[in-house]
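Within every chain, numbering begins at 1; the chains are lettered A, B, ... in the order of the sequence lines, protein sequences first and strands thereafter.
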Amino acid sequence: MEKYLSQLNEAQLEPTIQIDGPMIVIAGAGSGKTRVLTYRIAYMMSKGIDAFNILSLTFTNKAAREMKERIASIVGTSEAKNLWMGTFHSVFAKILRIEADKLGYPSNFTIYDTQDSDRLIASIIKEMNLDKDIYKYKQVRSRISSYKNSLITVRAYFQNPELKEADAMARRPRMGEIYKEYVDRCFKAGAMDFDDLLLKTNELLTRFPEVLAKYQNRFKYILVDEYQDTNHSQYLIVRALSDKFQNICVVGDDAQSIYAFRGANINNILNFQKDYDDVKVFRLEQNYRSTKNIVNAANSVIDKNQTKLDKVVWTANDEGGKIKVNRSLTDADEGRYVASTIFETKMQNQLKNGDFAILYRTNAQSRSIEDALRKRDIPYRIYGGLSFYQRKEIKDVLSYLRLIINPADEEALKRVINFPPRGIGQTTVDKLIVSANGYNRTMFEVMKNIDKTDVKINSGTKTKLQNFVTLIESYQVLNQTADVFELAEHVTRTSGLIKEFNKDGTPEGVTRMENIEELLNGMKDFVEGQKEIVDSTGSLAEFLEDVALATDLDNDKGEDMDRVSLMTIHLAKGLEFPYVYIVGLEEDLFPSAMSMNTRSELEEERRLFYVALTRAEKQAYLTYALSRYRWGKLVDSDPSRFIEEIDEQYLEVLTPPEERRFNPMLDADIFGDVPTEQKSKVSPDKLRFKPAKQVVLKKGSTKKAPEKFQVTQPKNLKPVSKTTENTNLFDSKLAVGNIVKHMRFGAGEVMKIEGTGADVKAEINFQHGGVKKLLLRFAKLEVVG
DNA sequence: TAAGTGTTCTATGGA
DNA sequence: AGAACACTTA
C-alpha cells in the first residue's frame, strides 16, 4: 500500500488517508480524483475495513468497473469483489429487487426506459381524449420526472394546490390525473421507470425503518463520485444511508455540473458543508492532464460564471500549443477540416486514432463528421446517440423476453402482440386496454381469461389472442431450463421475428438481422461470463437489468480496433484524450438555443464547454461553420460566444486557404443594409475574421482586423481534398455567400450551389425577384463581391 | 386488418 | 432528412 500512497502528491494524500467522518473533495478537472477514490478504498481495506461495508456510487457503470479493477490489482480480486460499486440506478435496482415485496412490486419488475415511458404517456393522453398538441408526451414525461426527482408523489401532488395551479397556469390542468394514471399503470405492469429506482428507494428507506437500519449498518462507509450531478432524490438517499455513521465522502467539481436538465442540483455540492457537522474539506487543484494553454483557457472561460466554489486549477505541465480555432463555410467543410487535420497530425506525430476525440453538443452533429472521416478512411466509433438496445429490432426481441419474466409488462406486450403481424390490430388492443383498466387487471390476464370477460371480440380474433398467450407461456416453460442465449434464439425463430426481418431482403432488413445476431452473440458472452461469477444466477432477469441500465460507454466493443471517438460532451465527462476537437461552436447550437433564457441555464452551457475543453491533454481544436444543415435546411449561424470568452492569448485563429482565395465578402454591404441581422451578442465582426484588407466598410475605408483575430496561415495544411460537391463551388469561382449581379434580376446573394459538371445550379436570392435557381452555364452572372 | 400514401413534427443532453 | 402518425384504400 505504501508504494501506492507514495505516488500521490500531498493534496491527494490527505483525503486518501482520511477515512472517518463527513468529507468533501473538491477536485478540479484532471486533478487525479479517480486515483484518490481508488487508493482511498484500497487504503480503507488495507486498514481492515470489510469490503462488504463500503458503498461506492459512480456516474457510469464503466467508471465503477474500471475502479474495481484497479482496486483488485492492489488488494486482490477476491476481496475487491465484495465491494458495492455502481451507479445510483444499478445499485438501488439491485436493492429494490431484494426488497420489492415490501413495496408491493414483484422482484422481477421491469425497468421502463424513456421510450417505454413515452409510449405509455402518449397512450394515456389518448385514452383520456386530451389534445396531444397541448399535452405533448415529452413535456408531460419531463414534468412527471421532475415531480419524482423532487419526491412529489401523486398523493403529495394532489395535496399541494400550488402544483395544480402551476400546471393549470401552463394550460395543463389535468396533469395530475395523467401523473396518477401513469403511476398506476406502471405499478400494475410491475414496472419502474428510471426515476422510480430512486424514488422507490427513498420510499423504502423512509417507510421501513428496519430496512433503513439494515443498509445503514451494511454501508458504514459511503463514497459518491461526481456529487455535483446528483439530484434531490439521490441526495436524500445518500443522507439517509450515511446518517448513522456519517462516514460519507463526496467528490466533485461544481464547475463540471452539467445535468441540471435531468434534475441535478448543484446546490447539493455547494451546500454539503451545511448538511453535516465537522465536514473536512479538501481541494485538488493541480491538473495533471492538460497543457498550460488548455488549463488557462478553460479557467478564463469558467471565470465568467457567477455561481461557483473557490478553486484555482493550475498545472505544472508544458505550455503546449495554443488552442486552434477554425471557421468553415458549412458543416461539411467543418467535417473535412477535422478529418484532414486528424489525418495529418497522425502522420506527422505517429499517433493512433484512439488519441483523437471529436466532441459535439448534439448527437445530430455526428453525421457530417462521419461522412468526412469515412472519405478519409479514418475508423471511428460513435458513442451514445441511438444506443444499440434502443433499436427497433433489438427492442422487439427484448420485449418478448421481458414478457416472459413479467407478463404484466404492458409496453412490451403492446409492442409485440402484433409484431410480426398476426392479425391483432389496434382496435383489438384498444378493447383490451379498456377492459384491463375496467377489471383492474393486466392486459395479459384479460387475454388469458377472455371468455370470462365481457370484451366484445369476434371468435377469430379470440383464437389469435389465445395463440399468442400460448406462445408466450411456452417460452416461459422453456425459460425454466434454457439459458438466456438458447431462449432468445428460440424466441427469434419461433415468434416469426427472423422471418419478418428476412422477408424482403432490403439492406435495412439485413442490418436488422445483423443486429439481432449481435444481440445473440452478446447473450452468449453474458452466459459464459456469468458462469464465472459466484453469486450470479445468469438469469434472464439479470440480463435484462444489465441491458436496461447499460450505457453505450459500457459495452466497449471494438476495443480491438484503433478508432477515433465521437460523442456528445455530456458523455465525455470523466474521459480524456490527447487531441480533442470541439465542433459546432455556434450560437443557438452551443450554447443551445434552448438554454439561453436564464443565467443559470447559460452557466450550465458554459460549464459544459469547460468540461469539453478540459478533456484535452495536448491540443484542443475549436471549430464552427458559418452555415449548417438543420432540419434539412441550410441555416446561417454565428460563432459561439464561448470562443470570444477565452482569453485571446491562448488562441490561434486559422482561416482555411480556400476561403481566402475566394474572398466571399460575407458582410459586404451592397444593399446599403447588412442583409442578415446578427443575433449574437458578441460583436460579430470580431469573429468573422477576414484578412484585414478584405474588410470593406461603408465609408470605403479599410480596417485592420482586431489584433486577437489576426489570421494565421496554418502550417503544413494543404487545401482539403476537393473530390466532393465543393468541386464545382471552386471551379465555378462562385461560393455560397457571394454577391452577384444579373442582367435582369440585379444584385443577389448566392444561397446554395448544387449539381455537378454542366449541371451546376446556384440558388440566388435577388434583391428584386426573390430566390431563383439558375443554371450557371447559361446564367450571365458577374461576381461583385 | 394490412398495406400504402400523405402529413406533420422534430433534434439539447441521458441513467 | 427522417420518423411517427394519420388517413385512405383494398
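Every residue two or more places apart in sequence or in another chain was checked for a side-chain hydrogen bond (donor to acceptor under 3.5 Å, both in side chains) with A:S435, and none qualifies. Looking at residues two or more places apart in sequence or on another chain, you find a side-chain hydrogen bond (donor to acceptor under 3.5 Å, both in side chains) between A:Q228 and A:E226.
Listed nucleotides: B:dA15, B:dT1, B:dG13. Nearest to the side chain of A:F261: B:dG13. Here the nucleotide nearest the side chain of A:P421, chosen from B:dA2, B:dG14, B:dT1, is B:dA2. When each of B:dA2, B:dT1, B:dG14 is scored by its nearest atom to the side-chain atoms of A:T461, the top-ranked nucleotide is B:dT1.
Taking the nucleotide of DNA chain B with the nearest heavy atom to each of A:E601 and A:G423, the more 5' of the two is matched to A:G423.
A:T568 comes within 4.0 angstrom of sugar-phosphate atoms only, judged by non-hydrogen atoms across all strands, and of no base. The residue A:T427 sits close only to the backbone: its heavy atoms come under 4.0 Å of sugar-phosphate atoms, none of a base. Counting any heavy atom pair closer than 4.0 Å across all strands shown, A:N418 reaches sugar-phosphate atoms only and no base atom. Counting non-hydrogen atoms under 4.0 angstrom, A:N363 reaches the backbone sugars and phosphates but no base.
Regarding contacts with the backbone of B:dG13, every side-chain N or O of A:S595 stays at 4.0 angstrom or more from both OP1 and OP2. Look at A:R367 and you'll find a side-chain N or O under 4.0 angstrom from OP1 or OP2 of C:dG2. Residue A:T428 has a polar side-chain atom (N or O) positioned under 4.0 Å from OP1 or OP2 of B:dT1. At the phosphate of B:dA15, neither OP1 nor OP2 sits under 4.0 Å from any side-chain N or O atom of A:N231.
If you measure from atom CD of A:E604 to atom P of B:dG13, you get 13 Å, rounded to the nearest angstrom. When the C1' atom of B:dT1 is taken as reference, atom CD of A:Q426 falls 11 Å away, rounded to whole Å. The distance between atom CG of A:D195 and atom P of B:dG14, rounded to the nearest whole Å, is 16 Å. Taking atom CD of A:E605 as the reference point, atom C1' of B:dG13 lies 9 Å away to the nearest angstrom. The separation between A:L571 atom CG and B:dG14 atom P is 6 Å, rounded to whole Å. Computed from coordinates, the A:Q365 CD to C:dA1 C1' distance equals 16 Å when rounded to whole Å. One interatomic measurement links the two molecules: OH of A:Y389 to P of B:dG14, which rounds to 17 Å at whole-angstrom precision. Rounded to a whole Å, the OH atom of A:Y383 is 19 Å from the C1' atom of B:dG13.
For the 3.5 Å distance criterion, the side chains of A:N265 and A:T230 fail to qualify, holding no donor opposite an acceptor.
In this structure, the side chain of A:R615 engages the main chain of A:L575 through a donor-acceptor pair within 3.5 Å.
Going from the P atom of B:dA11 to that of C:dA6 covers 16 Å, rounded to whole Å.
Ring centers of A:F187 and A:Y105: under 6.0 Å apart, within the cut-off. Taking the six-membered ring where the residue is Trp, the centroids of A:F609 and A:Y360 are separated by 6.0 Å or more.
Because its NZ or CZ atom is both nearer than 6.0 Å to the ring centre of A:F109 and within 45° of the ring axis, A:R97 counts as a cation-pi partner of that residue. For the pair A:R262 and A:Y259, the cation sits on the ring face: its NZ or CZ lies under 6.0 Å from the ring centre, inside 45° of the axis.
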Atom pairs under 3.5 Å, N or O on each side, protein against nucleotides 8-11 of chain B: can you list them with distances?
residue	atom	partner	partner atom	Å
B:dT10	OP1	A:K136	NZ	3.2
B:dA11	OP2	A:K138	NZ	2.9

